[in-house]
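One structure is given below, encoded as structure tokens.
Naming: A, B, ... by sequence-line order, numbering from 1 per chain.
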Number of protein chains: 2
Amino acid sequence: MDDPTPNPLAKHPAFLTVQLGWHITTQFIAALAPLGIHPRHMGMLSFLLGRDGASQQQLCDALGIHRNVMVGMVDELEKAGFVERRRHPADRRAHAVHLLAAGREMQRKAEETLSRMEDGIFGSLTAAERAAYLATLQQLAADAGLSPGIHPALRDSLPGS
Amino acid sequence: MDDPTPNPLAKHPAFLTVQLGWHITTQFIAALAPLGIHPRHMGMLSFLLGRDGASQQQLCDALGIHRNVMVGMVDELEKAGFVERRRHPADRRAHAVHLLAAGREMQRKAEETLSRMEDGIFGSLTAAERAAYLATLQQLAADAGLSPGIHPALRDSLPGS
DNA sequence: TATTGTTATACTCTATAACTATA
DNA sequence: TATAGTTATAGAGTATAACAATA
């Protein structure tokens, strides 16, 4: 049943992290699709929860997205009624991006979807194992200097078949 | 020092896995660049270690890469002297892709690079924590049905700045 | 002069489809 | 007729550069 010479990558925690992360991403994209949004939209909404009224440039800096791409993302979220561009109180060049009620509701649904998916993925772990896994991840993320809740490339799409 | 309303994603193990996986990927691409190869090349070489002489189609099936993309990858590896296309003994339509000595050597160096990088990333964990992390990842990968040592999208590149 | 948002252009990557030689 | 490898074409995605308004 076993491969005579097993692939050496399978024993590397770095590889396994990437492999599992990729699997989670594709699965989450699919889980979010019925809601009509992409993980990158959820990332924006989740961030705005704590920084409502941020300028597009501030969103760019925080989320690691180019400002020309940000234009399109805000367009999409605005068209869906999740956010609104308002006048920035301190800088007339900037737009203040504000969460609307529908946006908060969508963020809540998306996070619920995420939690449901996690129950499936981590279901075979004991509570203690799952807690240890989470603690380790948080420590590693802190070691690596990763910003909490942010990463630039929650983007497209499915692996080539 | 803390964000008044912290980003809720930071507490989700699924998100943290993806975030850390992305960080590892970008760091590994950079670590491999001086060797002149990309993680996807290492994936090919590591796989061929156990399946030398596989046809391109078999490589496609195993690694989840389209066959038109595989053509270019084999071209690159062949040009670099890491693999060689030979006649397939059983099917004259197919090419048998064989590892050359330089390819084995490059695989070895790449895996050494990976191990060095892992020492940096996981350096703050105790041996027990690191072992537990690895065991959990292996269990989760098995639960998800992921093929050992394989994933389709070890691809480009850096997050937009 | 630098910065914010925006638009236009070019480039890269990926996906689809066609072609050949075998099976 | 179907499959392995290859090539060509088209589409999506990303990055670079320019622009108008404001700092």
Side-chain angles (χ1 to χ4, degrees), chain A residues 22 25-26 29 33 37-41 43-44 47-48 51 53-79 83-98 151-161, chain B residues 22 25-26 29-30 33 37-41 43-44 47-48 51-79 83-98 151-161:
Chain A
W22 178 256
T25 298
T26 57
I29 289 172
I37 66 168
H38 187 276
R40 86 178 85 101
H41 298 129
M44 279 271 295
F47 179 79
L48 283 172
R51 296 285 180 107
S55 74
Q56 294 185 194
Q57 185 56 48
Q58 289 173 323
L59 289 167
C60 287
D61 294 341
L63 298 169
I65 297 172
H66 246 97
R67 62 192 195 282
N68 46 0
V69 180
M70 180 58 69
V71 173
M73 284 187 56
V74 177
D75 284 350
E76 290 163 3
L77 293 173
E78 196 168 35
K79 195 164 137 198
V83 306
E84 195 176 58
R85 277 184 248 237
R86 298 186 196 151
R87 284 247 276 282
H88 193 101
D91 188 338
R92 300 208 312 182
R93 294 171 302 180
H95 293 157
V97 181
H98 285 269
H151 93 119
L154 267 181
R155 54 186 182 186
D156 38 47
S157 56
L158 306 150
S161 76
Chain B
W22 178 257
T25 297
T26 57
I29 289 172
I37 65 168
H38 188 275
R40 85 177 85 100
H41 299 129
M44 278 271 295
F47 179 79
L48 283 172
R51 298 284 180 105
D52 194 51
S55 73
Q56 294 185 194
Q57 185 56 48
Q58 288 172 324
L59 290 167
C60 289
D61 294 341
L63 298 169
I65 296 172
H66 247 96
R67 63 191 195 283
N68 47 1
V69 179
M70 181 58 68
V71 173
M73 284 187 56
V74 177
D75 284 350
E76 290 164 3
L77 292 173
E78 197 168 35
K79 195 165 137 196
V83 306
E84 196 176 56
R85 277 184 249 237
R86 297 186 196 150
R87 285 247 274 283
H88 192 100
D91 188 336
R92 300 208 310 181
R93 295 170 303 181
H95 293 157
V97 181
H98 284 269
H151 92 119
L154 267 181
R155 54 186 181 187
D156 39 46
S157 56
L158 305 151
S161 75

Rounding to an integer number of Å, can you tell me how far H66(B) NE2 sits from dT3(D) P? 14 Å
Any chance you could measure E84(A), atom CD, to E78(A), atom CD, to the nearest 0.5 Å? 7.0 Å
Here the salt bridge (Lys or Arg N to Asp or Glu O under 4.0 Å) pairs for residues 62-75 of chain A, sequence neighbours left out, are D75(A)-R85(A)
How close or far is atom P of dA2(D) from atom CZ of R92(B), stated in whole angstroms? 22 Å
DNA chain C nearest-nucleotide lookup for A96(A) and V69(B): closer to the 5′ end is A96(A)
Is there a donor and acceptor pair, one atom on the side chain of N68(A) and one on the base of dT14(D), closer than 3.5 Å? no
Take atom CZ of R87(B) and atom P of dA4(D), then tell me their distance rounded to the nearest Å. 19 Å
Do you know which two heavy atoms are closest between V74(B) and V83(B), and how far apart they sit? O-CG2, 4.2 Å
Calculate the interatomic distance between L59(B) atom CG and dG5(D) atom C1'; express it in whole Å. 13 Å
Indicate yes or no: at least one non-hydrogen side-chain atom of E76(A) is less than 4.5 angstrom from one of M44(A). no
Which residues, if any, of residues 70-77 of chain B bring a heavy atom under 4.0 Å of DNA chain C? none
Of all the heavy-atom pairs spanning C60(A) and M70(A), show the shortest one and how long it is. SG-CB, 3.5 Å
Identify all pairs in which a protein N or O lies below 3.5 Å from an N or O of nucleotides 1-4 of chain C, and state each distance.
| from | atom 1 | to | atom 2 | distance (Å) |
| --- | --- | --- | --- | --- |
| dT3(C) | O4' | R93(A) | NH1 | 3.4 |
| dT3(C) | O2 | R93(A) | NH1 | 2.7 |

Contact check, side chains of R40(B) and M73(B), non-hydrogen atoms, under 4.5 Å: yes
Give me the atom names and distance for the closest heavy-atom approach of V97(A) to L59(A). CG2-CD1, 3.9 Å
Whole Å only: how far is the NE2 atom of H88(B) from the C1' atom of dT3(D)? 13 Å
Among the nucleotides dT6(C), dT6(D), dT22(D), whichever has the atom closest to the side chain of R85(A) is dT6(C)
Residue pair G43(A) / L63(A): nearest heavy atoms and the distance that separates them: O-CD2, 4.3 Å
Give me the atom names and distance for the closest heavy-atom approach of A96(A) to R87(A). CB-O, 4.0 Å
